[in-house]
Protein chains: 2
Amino acid sequence: MNTLAEENYLKSIFHLSDAEESVSTNQLATLLNTKASSVTDMLKKLADKALINYTPYQGVRLTLSGEKIALNIIRKHRLWEYFLVEKLNFKWDQVHEMAEEMEHISSNELINRLDKFMGYPKFDPHGDPIPDINGQINHHNLKLVSAIEVNDSGTISGVKNHSPNFLQYLEKQTLTIGKIISVIEIIPFDQSMILQTENKEVHISSEVANNLLIAL
Amino acid sequence: MNTLAEENYLKSIFHLSDAEESVSTNQLATLLNTKASSVTDMLKKLADKALINYTPYQGVRLTLSGEKIALNIIRKHRLWEYFLVEKLNFKWDQVHEMAEEMEHISSNELINRLDKFMGYPKFDPHGDPIPDINGQINHHNLKLVSAIEVNDSGTISGVKNHSPNFLQYLEKQTLTIGKIISVIEIIPFDQSMILQTENKEVHISSEVANNLLIAL
DNA sequence: TAAAAAATTTAGATAAGTCTAAAAAATATA
DNA sequence: TATATTTTTTAGACTTATCTAAATTTTTTA
């Protein structure tokens, strides 16, 4: 088994990974709130365990087994978030920190039974897909609200920013997962947008539009 | 907040404490599967934090604040065990190790909501009382089966030994929590007992009788 | 393309929690 | 009650994960 610190590094590398680029030491240091030198130390350790491919000065990528572990941690995180919101009635802005602890509970049998208990949910309370028991992720095709046009409409299906502040703001504007919105007007000056949602109009800044995901 | 190691020491001190005697270094070392010297180090640390009263060579007792923390950890442990058995359908011999991890999830709001979600259970799957939000424990008055007489009867309400082996044995003999039994015969030679349970007779050794608790 | 800036790694240190071996204190025993 | 035994503590070391400061490599820029 891996230590808590190792698990957190693997998860962070996964989140920072994209198709082309490898993940840099500094990116990890920033995300993990630690120093670059600490990251270097841990990268050597993870490379020794064959969980990452690491070339000094060239950044890292997860190996297949590293990715499998990362996906399992993310699966646990998102299932626990779903549990906290759907069963214990927490709000979507309250669950992240708790799930950060719960994702490290080791038993897979436990998480699979929890999954079954909740009816195999596909998305967590923020709209993020929950990897299944094999690490498969149900990617749905979402667009940033900032990238759609006047008169387009769709269903709010995710957020890019997970900060409690942002989530609380969305809640107040009733811009929550599942709500149907359409774009009434885009203000050219600042790219802010006026949206129709339920029976009212909401005016959102371009920063908000840039962090809100919609399914057309 | 306290570290995981500190929490485990507090919990162990609580479990080893009784009214008169203070808890010795060696008792703790045995229970925690560690060395006496490690225990001494930790006792100094806990004493510095005013969680225990510690006099070198004289053993330890929990202070009020140490006891409060220990009771909260035990509350979490037993509520999670209840959850695992009642909601996720684990058997009573499977849940201890998982709960050992889950008891360290820090949020009290979480555990209080879990308590409510499950309807404020009073006892865990092994019959142990669950401390309430204020650390109050509902002690019920149980007797060891080894301490009762022929023709006495009562309800199985707890176990002194929590090992999976013992729990699985009890399960196989249908000697589980809530079952009504009565003593048919006590064999003088080895103090083994013949019990009536449901519609069959079960012959148990004195070791078993010594670890099974009954409410008369 | 050489110098400057930025990113990364190395070296050496620290804190938490553990260990072994030796010393000291408490308890048991003859 | 002196000695042997057991228990506990102390001293010094190790591991994990972190840090600061210095050195090295890569990237940018003039």
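Not measured: the values here are computed from a predicted model. Labels below follow one simple rule: chain letters A, B, ... track the order of the sequence lines, proteins then strands, and each chain is numbered from 1.
Scanning for side-chain hydrogen bond (donor to acceptor under 3.5 Å, both in side chains) contacts around A:Glu97 gives an empty result, with sequence neighbours left out. Remark: B:Arg113 engages B:Glu109 in a salt bridge (charged side-chain N to carboxylate O under 4.0 Å, His left out) (not counting sequence neighbours). Listed by chain and residue number, A:Lys11, A:Phe14, A:His15, A:Arg78, A:Pro131 satisfy the side-chain contact (heavy atoms from CB on, under 4.5 Å) test with A:Ile74 (two or more places apart in sequence, or in another chain). B:Asn72 is linked by a side-chain hydrogen bond (donor to acceptor under 3.5 Å, both in side chains) to nothing, counting only residues two or more places apart in sequence or in another chain. Listed by chain and residue number, A:Arg75 satisfy the salt bridge (charged side-chain N to carboxylate O under 4.0 Å, His left out) test with A:Asp115 (two or more places apart in sequence, or in another chain).
Within 6.0 Å of atom CD in A:Glu21, 12 or fewer heavy atoms from other residues, nucleotides or ligands are found, so the atom counts as exposed in its surroundings. Counting heavy-atom neighbours within 6.0 Å of B:Asn141 CG, excluding the residue itself, gives a total of 12 or less.
Of the residues in residues 65-74 of chain B, none lies under 4.0 Å from DNA chain D by heavy-atom distance. Non-hydrogen atoms lying under 4.0 Å from DNA chain C are contributed by nothing in residues 5-17 of chain A.
For the pair B:Glu101 and A:Ile105, the tightest heavy-atom approach, listed with the atom from each and the gap, is OE1-CA, 3.4 Å.
Counting only N and O atoms by type, the side chains of B:Asn161 and B:Ser163 include a donor and acceptor under 3.5 Å apart.
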**Prompt:** Quick one: what's the B/S/- string for nucleotides 4-9 of chain C, heavy-atom cutoff under 4.0 Å, read 5' to 3'?
**Reply:** ---SBB
Short N/O separations, protein against nucleotides 12-16 of chain D, under 3.5 angstrom:
none

Considering only nitrogen or oxygen atoms on both sides, find all protein atoms under 3.5 Å from nucleotides 1-4 of chain D and state each distance.
none

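Consecutive Watson-Crick or G-U pairs involving DNA chain D, each under 3.5 Å on both distances, make up stems of three or more pairs at C:1-30 with D:1-30.
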**Request:** Go through A:Phe123 and A:Ile130 one step at a time and tell me if the side-chain contact (heavy atoms from CB on, under 4.5 Å) criterion holds.
**Result:** CA-CA 5 Å; A:Phe123 300 98; A:Ile130 299 173; 5.6 Å; no
**Item:** Working for ring pair (Phe, Tyr, Trp, His ring centres under 6.0 Å), residues A:Phe83 and A:Phe90
**Value:** CA-CA 9 Å; A:Phe83 172 77; A:Phe90 281 102; 9.3 Å; no
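Sorted by first and then second residue, the pairs that involve residues 48-65 of chain A and meet salt bridge (charged side-chain N to carboxylate O under 4.0 Å, His left out), not counting sequence neighbours, are A:Glu6-A:Lys49.
Remark: side-chain polar atoms of B:Asp152 are paired, donor with acceptor, to backbone N or O of B:Glu149 under 3.5 angstrom. A side-chain donor-acceptor contact under 3.5 Å links B:Thr63 to the backbone of B:Leu51. For A:Ser157 (side chain) and A:Thr155 (main-chain N/O), a donor-acceptor pair under 3.5 Å exists by modelled atom type. At distances below 3.5 Å, not a single donor-acceptor pair connects side-chain atoms of B:Asn134 with backbone N or O atoms of B:Gln136.
A ring-centre distance under 6.0 Å is not found for B:His96 and B:His126.
Neither OP1 nor OP2 of D:dT18 sits under 4.0 Å from any side-chain N or O of A:Lys35.
Between atom OG of residue A:Ser38 and atom CG of residue A:Leu28 there is a gap of 11.5 Å, rounded to the nearest 0.5 Å.
A straight line from CG of B:Leu28 to C1' of C:dT18 spans 15 Å, rounded to a whole angstrom. In this structure, the CG atom of B:Leu32 is 16 Å from the C1' atom of D:dT8, given to the nearest Å.
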